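In this text, all values refer to a predicted model and were calculated from it rather than measured experimentally.
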Amino acid sequence: MPRRLPLSIVLPALLFSGLSATLCAAELPVYSGTLAAKSSREHQLTLQPGDYVQGRLSGNGMRLVLLDKNGQRVRVLSQGKRDTEEFMFVAGAAGPYRLDVRAPQAGDYRLELLQQVPRTAQTVPAQLPDSPRLRALLQQPAGLEAFWAEVRHSSTPLVESTGVTPPLAEHETLVTFLWRGAERGVRLFGGPSADHEELQHLPGTDVWYRSYRLPDSTRLAYRLAPDVPELNAAPHIRRRAILATAQRDPLNPHSSIAAPLDQYDGESLLELPATPAAIWNAPRPGVAAGSLESLRLPSQILGNSREIQLYRPAGWQANDPQRALLVVFDGEHYTRDVPTPVILDNLIASGRLPRTAAIFIHNPSNETRSRELPPNPAFARFLAEELMPWAQARGLSAPASRTVVAGASYGGLAAVWAGYRHPELFGKVYSQSGSFWWAPDWEQAQRYSRPAEWLTEQIANAPRQPLQIHLEAGLFELGRDNQPGIRDTSRHLLHVLQAKGYAASYREYAAAHGYEHWRNSFADGLLQLLGQTM
């Protein structure tokens with residue numbers, strides 16, 4: 001852990017560092033005089049190697065040369081082009097140095113040393129935190145334990161909306177993530193950044209912090225990673241080392257899972273006051289629940305077998321002329337992390353959706369997911385030639401104009417691909433945070449989004465298909481290494497779709513990449529594509 005200085009020392013140093021520089025400047029020498037034409041005058045300096053020197057020479061046409069201990073020219077500091085010229089240099093090891101004022105023509109001169117800063121004092125200015133609460137802590141030398149007691153009572157992150165400097169914008173809140181004590185620092189895993197950003201150390205305390213100005217409708221999941229191991233390895237391996245220490249925020253009781261196994265299980269949740277409520281996600285009294293049937297479907301096309309779950313709403317009739325159908329990738333998540341059966345029960349019972357059945361497509365493994373969901377002709381054939389006829393034989397079908405294919409991340413990419421390849425089956429597409437940065441063989445491209453946006457290019461260069469497409473992305477779904485991320489590639493795809501004449505819509509949320517957001521926005525997407533006017 002960094003050595004802790006008493007706050008009585010740290011605070012004056014932070015607040016009065018600018019004043020000390022002014023006092024030093026007042027003690028530096030000022031030389032003046034009159035020189036005849038073609039004459040010069042030397043002024044000796046007392047410097048140590050590494051000293052930074054800033055000065056000013058005034059005088060019509062006066063020139064200034066820095067000389068070493070042997071009288072050799074080191075540097076011309078002023079060429080006399082203006083009546084007043086400033087100069088600066090860093091002393092080397094060839095001192096003692098002299099400043100030689102040279103007069104091409106007779107006149108007066110004034111030579112001032114404005115700053116002389118030793119190497120040991122050459123530091124960046126102390127940065128005061130944006131958080132009013134942390135600024136107050138710097139002014140309370142004995143308040144550290146009281147601060148942590150208050151934080152334990154109120155929970156973290158700190159959420160502040162008044163007294164912030166500079167002032168917050170409208171509908172903006174200052175959120176400060178905190179950690180107490182660390183040896184080598186703390187990183188934020190998730191949250192409003194994709195870069196595993198480091199928390200800053202508050203001088204003289206055991207507080208580590210990082211503040212963000214966020215929309216007051218923000219919903220985020222995050223973890224904190226103290227003392228991440230530094231490895232002599234490839235960049236992607238070093239980046240993944242954060243998983244060794246990433247854990248839920250010990251001062252935040254809100255977790256992404258109800259009963260975590262330990263501090264490393266699940267994520268901590270942040271929901272700001274204006275976060276939209278998920279009003280469709282919990283079972284409601286008096287609402288009849290649909291049925292959920294689990295079956296196995298072998299695929300000759302893909303050479304594997306997977307679980308498929310079929311949801312039938314209460315009162316489902318296979319020949320209902322108003323029926324609709326939802327086909328969802330990552331079914332193992334969209335029946336648990338996203339409570340889709342409950343959402344459908346509630347929306348149908350409220351009259352907001354027609355009776356809508358659902359097909360939940362599970363992944364046999366992570367490896368098959370990474371191979372099948374990004375645009376894959378074989379997987380598109382599996383959907384068209386095996387899955388949909390199989391589901392129809394079990395009473396689940398609907399016209400393409402009332403069939404939605406949906407998914408998130410790779411699943412969102414797969415949804416657009418499925419609609420693009422088979423609009424005769426899937427007339428509506430719902431993509432949550434689709435991975436539109438993807439392109440074939442991207443793993444070999446070093447930088448994760450190169451070559452980029454393959455599917456968007458295909459759509460741009462092909463005839464328009466009879467599709468209605470709804471896209472969504474998180475405000476914080478940004479790329480790494482200055483590459484476009486999910487947010488920006490989703491915006492780009494929207495522009496391409498609109499330029500091609502597609503019925504396309506887009507919604508952006510103050511959220512990042514994950515089910516803590518997708519579970520709360522899923523009903524909105526379904527209403528956008530299948531919603532009925534009340």
Side-chain angles (χ1 to χ4, degrees), residues 192-195 235-236 239 328-330 366 368-381 383 404-423 426-509 511-514 517-518 521 525 528-529:
S193 170
D195 288 332
H236 72 280
R239 180 179 173 84
V328 192
F329 302 115
D330 292 316
N366 284 334
T368 56
R369 181 181 188 274
S370 296
R371 185 178 67 248
E372 293 173 352
L373 292 188
N376 181 331
F379 191 69
R381 283 187 56 212
L383 296 174
V404 177
V405 59
S409 195
Y410 266 177
L413 177 69
V416 176
W417 168 250
Y420 172 72
R421 287 297 297 265
H422 291 289
F426 311 110
K428 296 180 183 289
V429 174
Y430 179 19
S431 173
Q432 295 190 291
S433 303
S435 300
F436 301 117
W437 52 264
W438 179 90
D441 300 322
W442 70 270
E443 301 94 333
Q444 284 73 49
Q446 300 300 320
R447 305 181 76 182
Y448 83 103
S449 64
R450 289 290 187 264
E453 302 183 75
W454 180 88
L455 182 54
T456 300
E457 183 178 1
Q458 303 305 304
I459 293 172
N461 294 326
R464 178 171 58 86
Q465 303 287 7
L467 295 172
Q468 181 184 356
I469 300 176
H470 180 62
L471 309 172
E472 71 177 55
L475 178 65
F476 311 120
E477 292 190 274
L478 306 175
R480 302 193 302 271
D481 301 325
N482 297 316
Q483 299 295 292
I486 283 173
R487 185 195 70 181
D488 295 330
T489 55
S490 295
R491 291 174 178 177
H492 183 212
L493 175 57
L494 173 70
H495 296 154
V496 169
L497 292 170
Q498 291 174 334
K500 296 286 292 186
Y502 280 88
S505 54
Y506 175 75
R507 186 165 181 183
E508 203 164 276
Y509 297 82
H513 194 76
H517 157 62
W518 300 329
S521 62
Q528 178 73 32
L529 294 170

Quiz item: Y509 and H517: aromatic ring centres closer than 6.0 Å?
Solution: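 Y509 vs H517: aromatic centres under 6.0 Å.
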Quiz item: What closest approach, in Å, do L478 and L475 show between heavy atoms, and which atom pair accounts for it?
Solution: CD2-O, 3.8 Å
Quiz prompt | Heavy-atom pair with the smallest gap, counting every atom of S433 and E477 | solution = OG-OE1, 2.7 Å
Quick one: does [X]'s side chain have a donor or acceptor within less than 3.5 Å of a partner on [Y]'s backbone?
X: K428; Y: A406; answer: no
X: Q432; Y: W518; answer: yes
X: Y506; Y: R491; answer: no
X: K500; Y: P463; answer: no
X: R487; Y: G474; answer: no

Rounded at 0.5 Å granularity, tell me how far [atom1] in [X] sits from [atom2] in [Y].
X: I486; Y: S431; atom1: CD1; atom2: OG; result: 8.5 Å
X: L493; Y: Q498; atom1: CG; atom2: CD; result: 10.0 Å
X: T368; Y: L373; atom1: OG1; atom2: CG; result: 8.0 Å

Flag side-chain contact, heavy atom, 4.5 Å: [X] against [Y]:
X: R421; Y: R381; answer: no
X: Q468; Y: S505; answer: no
X: V405; Y: L383; answer: no
X: P375; Y: L413; answer: yes
X: V404; Y: H470; answer: no
X: F436; Y: P484; answer: no

Exercise. Would you please say whether a donor-acceptor pair under 3.5 Å links the side chains of Y430 and E472?
Key: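 Y430 vs E472: donor-acceptor pair found between side chains.
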Quiz item: Which word best sums up how the rings of F329 and F379 line up, parallel for under 30°, tilted for 30 to 60°, or perpendicular for over 60°?
Solution: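 Answer is tilted, since the angle falls between 30° and 60°.
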Quiz item: In this structure, are over 12 heavy atoms from other groups packed under 6.0 Å from N461 atom CG?
Solution: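 Enclosed: over 12 neighbouring heavy atoms sit under 6.0 Å from CG of N461.
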